[in-house]
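Since the structure comes first, as C-alpha cells, the remarks are kept for the end.
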Amino acid sequence: MGMGFIAATIATLAALAAPTKPEPVARLVGPKMHKTGSTTLGGILARASNRYGWTARLYGTMQPIEEFPRFGPRSLPPEKPDILYCHVLGSANHGNPADFHVVGKGEKFALRRVANYTAPRLLAYLDFVVPGARLVLALREPLGRYVSMMNYFTYAERQFSKDAPLFTRRMVDGKLEIEPVPEVDRLFEIIRPLVARGLGAEYMTTVLGLRTREQTDAFANSKAFADAAILVTSHMDESLVVLRRLLDWAPDDVLHLDVHVSCEDKVRWDGRHVACVDANLSGAPEALRERMLALHANDRALYAAARVAVAARFDALGPGGAAELARLRARNGALRAYCDRGG
C-alpha cells in the first residue's frame, strides 16, 4: 500500500466529512421596489447568500431594455449571480416631483425615469441574467406605499415650507391665535397637487411592465406569478414562512428586524424628518383618498392577487405552518430585544 493510496484515502474521507454546500437550485431574480419591504428581503437574501456561498447582486440597477445585460466591472468577466434583486434603472425617481438631482456645488443632473418595457421583456431579461431562476416579489398595499414614498420625497425634502403652511393664523375676540398645523395634515396638503397630476401612480405594476388592467390580470394568472416567491407587507411573517418552505432554507434564514419604522424613528436614511402616517392613512381627506385609489387600480389588483396567493400557500401548510409562524415571531421578538435597529 503506497503513500499515494493513503493520501488519496485521507482526502476522500475529509471530503465526506466536510459539510456540503447546498446547490442554489432555487435561484432568484426580481426587481427591488421602494417602500415594499424590499430592504428587509434584501437583507435576508444577503445572509442566505453568505451562508450558502451563493453569489448575489443586491445593489446597483438593472435595465430591462438592455439587449445584452452584464454586471460587474467592464474590465472583468461578467458576474453570473445566483440571485439578482436590485432596482430597475429610474425606479427610484418614479413619483419624485423634482426634475434634477443637485450634487456638489449646485451641479444638476436630470433624473432618469423608468423605461417603457413590457412584463414579457422584463421576464426575458431576468431569465437571460439568471437562467431558470424563480421570480421573487415584495409588494405593499398601494396607497400606504404611495403616501410613504411621497413622505420620503416631499416632506423630508422640506417642501412643506413652501407648499403647506406650518401654522394657522386666525383672529379670536380681536386677538391673533397661531397654532401649528399637524404634520400629517401638512403632508396631505403637499401630496394633493401631486396626486392631481397623477405623479408616481401605479409604481409596482410600472416596474413590472404592466401598463393595463388586462396585462395585470394576465400576469396574476401566469405561471411566472404562480411559481414566484411572493411577500406582502400586510402578512410579512406568513410570507417569509412560505418563502422558507418553498426554498427549503433553514428557519433562521428568514429572521429579520424592521429596518425602518417612520412613526418610531421619524427620520429617513439620511436623518431627515418624515411625518408619522399610520397604515390606515388616518386623517387623509376623503376626496384625496378616492383620487389616490383611482390612480392605483392596477397596483391594487396586483396586490389583491398577491395577498390571495400568499394566504392560500400559508393555509396549505396547515398546523405546521402556524407553529412555524409562532416560532418565527418569538425569535424575531428576541432579536429585537437584543439588537438595536439603528446600530
Side-chain angles (χ1 to χ4, degrees), residues 33-40 91-98 114 138-170 177-207 210 213 216 231-236 258-270 272-308:
M33 293 185 261
H34 288 282
K35 302 298 181 181
T36 63
S38 60
T39 301
T40 296
S91 66
N93 302 318
H94 188 77
N96 190 338
V114 181
L139 304 172
R140 180 176 176 181
E141 189 280 316
L143 262 63
R145 198 215 67 81
Y146 181 78
V147 171
S148 178
M149 175 184 69
M150 289 306 190
N151 197 355
Y152 180 96
F153 280 140
T154 61
Y155 198 93
E157 293 291 347
R158 303 294 193 269
Q159 291 203 17
F160 59 80
S161 62
K162 59 180 183 294
D163 293 336
L166 291 170
F167 303 94
T168 60
R169 295 172 172 81
R170 59 176 183 168
E177 290 191 355
I178 302 177
E179 295 182 355
V181 177
E183 62 180 7
V184 172
D185 292 350
R186 294 202 302 271
L187 174 62
F188 287 132
E189 282 303 309
I190 295 168
I191 290 176
R192 190 188 303 276
L194 305 179
V195 172
R197 291 166 49 192
L199 192 65
E202 307 285 30
Y203 171 82
M204 295 185 292
T205 47
T206 296
V207 170
L210 305 169
R213 178 59 182 272
T216 301
L231 291 82
V232 293
T233 55
S234 60
H235 294 80
M236 180 61 85
D258 294 326
V259 177
H260 178 71
V261 182
S262 62
C263 285
E264 293 180 14
D265 305 331
K266 290 194 175 182
V267 295
R268 67 180 191 181
W269 64 272
D270 59 359
R272 288 195 172 187
H273 183 79
V274 292
C276 171
V277 184
D278 64 64
N280 295 321
L281 304 185
S282 299
E286 191 59 30
L288 180 62
R289 183 189 295 269
E290 291 299 320
R291 179 60 178 157
M292 288 191 292
L293 285 171
L295 288 180
H296 292 87
N298 288 344
D299 274 13
R300 288 161 53 211
L302 176 67
Y303 189 72
R307 285 193 61 178
V308 168

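Keep in mind it's a predicted model, so treat the numbers as computed, not measured.
Thr206 places a side-chain N or O within donor-acceptor distance of the main-chain N or O of Glu202, the cut-off being under 3.5 Å. Of the possible polar contacts, one joining the Arg140 side chain to the Lys35 backbone as a donor-acceptor pair under 3.5 Å is found.
Between Ile190 and Met150, every side-chain heavy-atom pair lies at or beyond the 4.5 Å cut-off. By the 4.5 Å heavy-atom criterion applied to side chains, Leu231 and Met236 are counted as neighbours. The shortest distance between side-chain heavy atoms of Met204 and Pro142 falls below 4.5 Å.
Once rounded to the nearest 0.5 Å, the distance linking CZ of Arg291 with CG of Leu288 reads 10.0 Å. If you take NE2 on His296 and CZ on Arg145, they are separated by 6.5 Å, rounding to the nearest 0.5 Å. In this structure, Glu286 CD and Leu293 CG are separated by 8.0 Å, a value rounded to the nearest 0.5 Å. Note that the NE2 atom of His94 and the CG atom of Leu199 stand 7.5 Å from one another [nearest 0.5 Å]. Tyr146 OH to Leu295 CG: the interatomic distance, rounded to the nearest 0.5 Å, is 6.0 Å. Interatomic distance, CD1 of Ile191 versus CE of Met149, reported as 8.5 Å (0.5 Å rounding).
Here the closest heavy-atom approach between residue Phe188 and residue Leu281 is recorded as CZ-O, 4.4 Å. Contact detail for Asn93 and Phe153: the closest heavy-atom pair is CA-CZ, 4.4 Å. For the residue pair Leu143 and Met292, the shortest heavy atom distance occurs at CD1-O, 3.8 Å. Nearest heavy atoms, Ala306 versus Leu139: CB-CD1, 3.6 Å. Heavy-atom minimum distance, Val207 versus Ser91: CG2-CB, 4.0 Å. For the pair Ala301 and Thr216, the tightest heavy-atom approach, listed with the atom from each and the gap, is CB-CG2, 4.3 Å.
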Do Thr233 and Tyr303 pass the side-chain contact (heavy atoms from CB on, under 4.5 Å) test, and can you show the C-alpha distance, the side-chain angles, and the key distance before you say yes or no?
-> CA-CA 10 Å; Thr233 55; Tyr303 189 72; 3.8 Å; yes
Salt bridge (Lys or Arg N to Asp or Glu O under 4.0 Å) between Arg192 and Glu189: does it pass, once the steps are laid out?
-> CA-CA 5 Å; Arg192 190 188 303 276; Glu189 282 303 309; 2.7 Å; yes
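Using bins of under 30°, 30° to 60° and over 60° for the plane-to-plane angle, the ring pair Tyr203/His34 lands in the tilted bin.
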